[in-house]
Amino acid sequence: MAFVTRAVKGTHDLFGDPLAYHRAIVDAARRWAEAAGAAEIATPIFEFTEVFERGVGPTSDIVQKEMFTFSDRAGRSLTLRPEGTAGVVRAYNEHGMKVWPQPVRLWYAGPMFRAERPQKGRQRQFHQVGYEVLGSDQPELDAEAVALSYHILASLGLRNMRLLLGSVGDPADRERYNAYLRELLAPHAARLSEDSRRRLVTNPMRILDSKNSGDRALLAELDVRPMLAFLGSEAKAHFEAVRARLGALGVPYEVDPSIVRGLDYYVRTSWEIHHDELGAQSALGGGGRYDGLSELLGGPPAPGVGWALGIERVALAMEAEGLSPAPAPALDLYIVPLESSLVPRALEVAARFWPELRVQYALKARKPGKGLQEAEKKGARFAALLGPDEATAGTLTVKNLETGEQHTLPLEEVREWVGKGGRA
RNA sequence: GUGAGCGUAGCUCAGCUGGUUAGAGCACCGGUCUGUGGAACCGGGGGUCGUGGGUUCAAGUCCCAUCGCUCACCCCA
């Protein structure tokens, strides 16, 4: 096992069952996103570092300590994307999507990269599906986005999840709230954790998110007023409108008055979906509104709202609830040459059935018994014997491995019979 | 970045207080089986016991270091 080369820490080869989950989750997301009229977009997995520094925010943990950043040969700083939204907004601006009929709905799926210490539900390369609506700040779109993120998870069969909805207000509201927090907490700075003392200067709201027990105890004593109490009239009206739309859509949620998101670009609506059986990393996904992001990236004003789901985490949640994805499609037919001179012929026959049927063939001559056994092991629905008689007659002796029914048929009829058996 | 636990075949593991050429089950390949399967039996390939040092007559077993994995902190998807 002491291989010289191995996968980099926190990265994984994806195949078999985990890949089946992955595909099922992306398929569900595609189905719902496209139902809402979204078009797929695939942006590069690396961007100029600036895209994330300015987009995600220089004070965010992601930018400060979690990015894979490197230089290209011309000395420009590039970064493996730690999230999907900044790149999508960059593409929206770069391709002049503001002249498309607004709003523009986009969805994506792909790998993201963060240089964190791996643990359950957290890899250095992980995968997300995401949804972004750009070009309008109407509350219907917030509700639409929240509803889609919820329905996708529900359609996969998940039940034990909690949708937490809040608002981080407009930038001016946040400034007032941060000022309030600084004033409230500064006298108690000595009791705060080191991280939280730093946050007191950079971003006091993040202190509310701390899991440090000392921080939590202090916050409980101080009876901190929530962000929601500081919403300006516009942000407040927007939040109430989103709640009303969501209620009308029948999406179950709890208001979390102190919700804080780790990405600096969020304004107003903000939500997370948690699952209780995931361990420490309990967020399946989250999203929010980011009306100022386009300008941060040097573009025209383009309000937006979107979300991302962590594919690996959704897969963990499905496993925890005993949900399995559909198995990989089985082989339709396995061709068994009875003499070694017929191996090339087996290939020719297989090739003739592609791609209508999934067909494989034995690379060595097999006795009929062994051949059928092998077909069974490969998960084939039918096995075909190819002996001298069949080769001469241009036929195959085909057997349904489930029922035992067997016929010697010309190739066209084999195609018909096997094809009729139905494919997953 | 910090802490804890764990590293023996592809997988799951056994290997007692250090003592012959390191084992089992599953999987893989072949045979018993010269046109009919899922079984059984027999055989085969595959391990520098994570790596490097040390202690010892002797190390998979003890010590140190290192790497890796896992979980938690932190943070988030």
Side-chain angles (χ1 to χ4, degrees), chain A residues 1-4 6-12 16 25 56 60-66 81-85 109-130 149 153 193-196 198-199 203 206 209-213 215 260-263 271-275 278-287 306-317 334 336-339 342 363-380 382-390 396-406 408:
Chain A
M1 251 257 287
F3 293 113
V4 177
R6 57 170 71 221
V8 172
K9 183 201 282 282
T11 70
H12 295 280
I25 293 160
V56 177
S60 66
D61 278 16
I62 290 177
V63 168
Q64 289 198 338
K65 51 187 191 191
E66 296 172 7
R81 63 183 183 194
E83 59 96 50
T85 303
M112 306 294 163
F113 306 85
R114 294 185 197 174
E116 299 179 277
R117 189 83 168 259
Q119 69 184 73
K120 186 175 185 185
R122 191 168 81 183
Q123 296 62 54
R124 290 186 169 184
Q125 175 175 338
F126 61 102
H127 299 80
Q128 291 186 333
V129 291
S149 67
L153 296 172
S193 65
E194 194 185 325
D195 280 338
S196 288
R198 182 174 50 78
R199 295 187 190 114
N203 197 351
R206 308 298 309 282
D209 222 15
S210 174
K211 286 179 194 161
N212 178 281
S213 54
D215 290 353
V260 177
R261 305 272 306 140
L263 288 68
W271 74 98
E272 291 180 0
I273 301 177
H274 287 262
H275 194 276
L278 286 195
Q281 311 301 323
S282 66
L284 295 176
W307 49 260
L309 300 176
I311 293 178
E312 286 83 355
R313 289 194 189 170
V314 175
L316 283 174
Y334 190 72
V336 179
L338 299 179
E339 294 177 1
L342 292 172
L363 286 163
K364 292 185 209 157
R366 290 277 180 244
K367 291 166 193 165
K370 271 281 193 235
L372 295 178
Q373 219 174 94
E374 204 164 275
E376 185 71 28
K377 270 190 220 166
K378 299 236 179 197
F382 289 82
L385 299 181
L386 174 57
D389 297 348
E390 288 86 352
L396 288 175
T397 297
V398 183
K399 182 162 191 169
N400 182 323
L401 291 170
E402 259 174 60
T403 65
E405 186 182 353
Q406 172 175 315
T408 298

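Computed over heavy atoms, backbone and side chain alike; hydrogens, waters and symmetry mates excluded. Naming: A, B, ... by sequence-line order, numbering from 1 per chain.
- For the pair A/Arg313 (side chain) and A/Ala283 (backbone), a donor-acceptor distance under 3.5 Å is present.
- In this structure, the side chain of A/Gln123 does not engage the main chain of A/Pro118 through any donor-acceptor pair within 3.5 Å.
- Nucleotide B/G5 is matched to B/C69 when pairs are restricted to Watson-Crick or G-U wobble geometry with both distances under 3.5 angstrom.
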Evaluation steps, side-chain contact (heavy atoms from CB on, under 4.5 Å), between A/Glu83 and A/Val56: CA-CA 8 Å; A/Glu83 59 96 50; A/Val56 177; 3.8 Å; yes
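- With A/Arg124 contributing its side chain and A/Glu116 its backbone, the two residues share a donor-acceptor pair below 3.5 Å.
- The distance between atom NZ of A/Lys120 and atom P of B/C74, rounded to the nearest whole Å, is 18 Å.
- B/G18 and B/U56 have their C1' atoms separated by 9 Å, with the value rounded to a whole Å.
- Taking the C1' atom of each, B/A4 and B/C74 are spaced 16 Å apart, rounded to whole Å.
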Close N or O pairs between protein and nucleotides 29-33 of chain B (under 3.5 Å):
| from | atom 1 | to | atom 2 | distance (Å) |
| --- | --- | --- | --- | --- |
| B/G30 | OP1 | A/Lys364 | NZ | 3.4 |
| B/G30 | OP1 | A/Arg366 | NH1 | 3.2 |
| B/G30 | OP1 | A/Arg366 | NH2 | 3.1 |
| B/U32 | OP2 | A/Lys367 | NZ | 3.1 |
| B/C33 | O3' | A/Lys367 | NZ | 3.4 |

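- If you take atom P in B/C64 and the same atom in B/G25, they sit 36 Å apart, rounded to whole Å.
- Pair assignment for B/C28: B/G44, on the basis of Watson-Crick or G-U wobble contacts that are both within less than 3.5 Å.
- The side chain of A/Arg117 lies closest to B/G3, out of B/U36, B/C76, B/G3.
- The side chain of A/Leu385 lies closest to B/G35 when the candidates are B/G35, B/G38, B/C76.
- B/G38 atom P lies 10 Å from atom NZ of A/Lys399, rounded to whole Å.
- Nucleotides of RNA chain B nearest to A/Arg313 and A/Ala280 differ in position, and the one nearer the 5' end is that of A/Ala280.
- Listed nucleotides B/U36, B/C74, B/A77 differ in distance to A/Lys65; the shortest reach to its side chain belongs to B/C74.
- Remark: C1' of B/C69 and CZ of A/Arg122 are 15 Å apart, rounded to the nearest angstrom.
- No hydrogens or angles were tested; on distance alone, a donor-acceptor pair under 3.5 Å links the side chain of A/Glu390 to the base of B/G35.
- Looking at every heavy atom in both residues, A/Pro388 comes nearest to A/Glu339 through CG-OE2, 3.1 Å.
- Rounded to whole Å, atom P of B/C28 lies 10 Å from atom NZ of A/Lys378.
- Judged by Watson-Crick or G-U wobble contacts below 3.5 Å, the nucleotide B/G38 has no partner.
- A/His127 has its NE2 atom 17 Å from the C1' atom of B/C76, to the nearest Å.
- Looking at heavy atoms from C-beta onward, A/Pro368 lies out of side-chain contact with A/Val336 at the 4.5 angstrom threshold.
- Remark: the separation of the C1' atoms in B/G31 and B/C49 is 32 Å, to the nearest Å.
- For B/A77, its base sits under 3.5 Å from the side chain of A/Glu116 at one donor and acceptor pair at least.
- Annotation: B/G54 and B/U8 have their P atoms spaced 24 Å apart (nearest Å).
- Ranking B/U70, B/U36, B/A77 by closeness to the A/Pro118 side chain, first place goes to B/U70.
- Between A/Lys9 and the phosphate of B/C69, there is a side-chain N or O to OP1/OP2 separation shorter than 4.0 Å.
- Atom C1' of nucleotide B/C73 and atom CG of A/Asp61 are separated by 13 Å, given to the nearest angstrom.
- Distances shorter than 4.0 Å separate some side-chain N or O of A/Gln119 from OP1 or OP2 on B/A72.
- Among the protein residues, A/Leu284 comes within range of the sugar-phosphate backbone only, with heavy atoms under 4.0 Å from sugar or phosphate atoms but none that close to a base.
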Full working for side chain to side chain donor-acceptor pair (under 3.5 Å) between A/His127 and A/Glu312: CA-CA 7 Å; A/His127 299 80; A/Glu312 286 83 355; 2.7 Å; yes
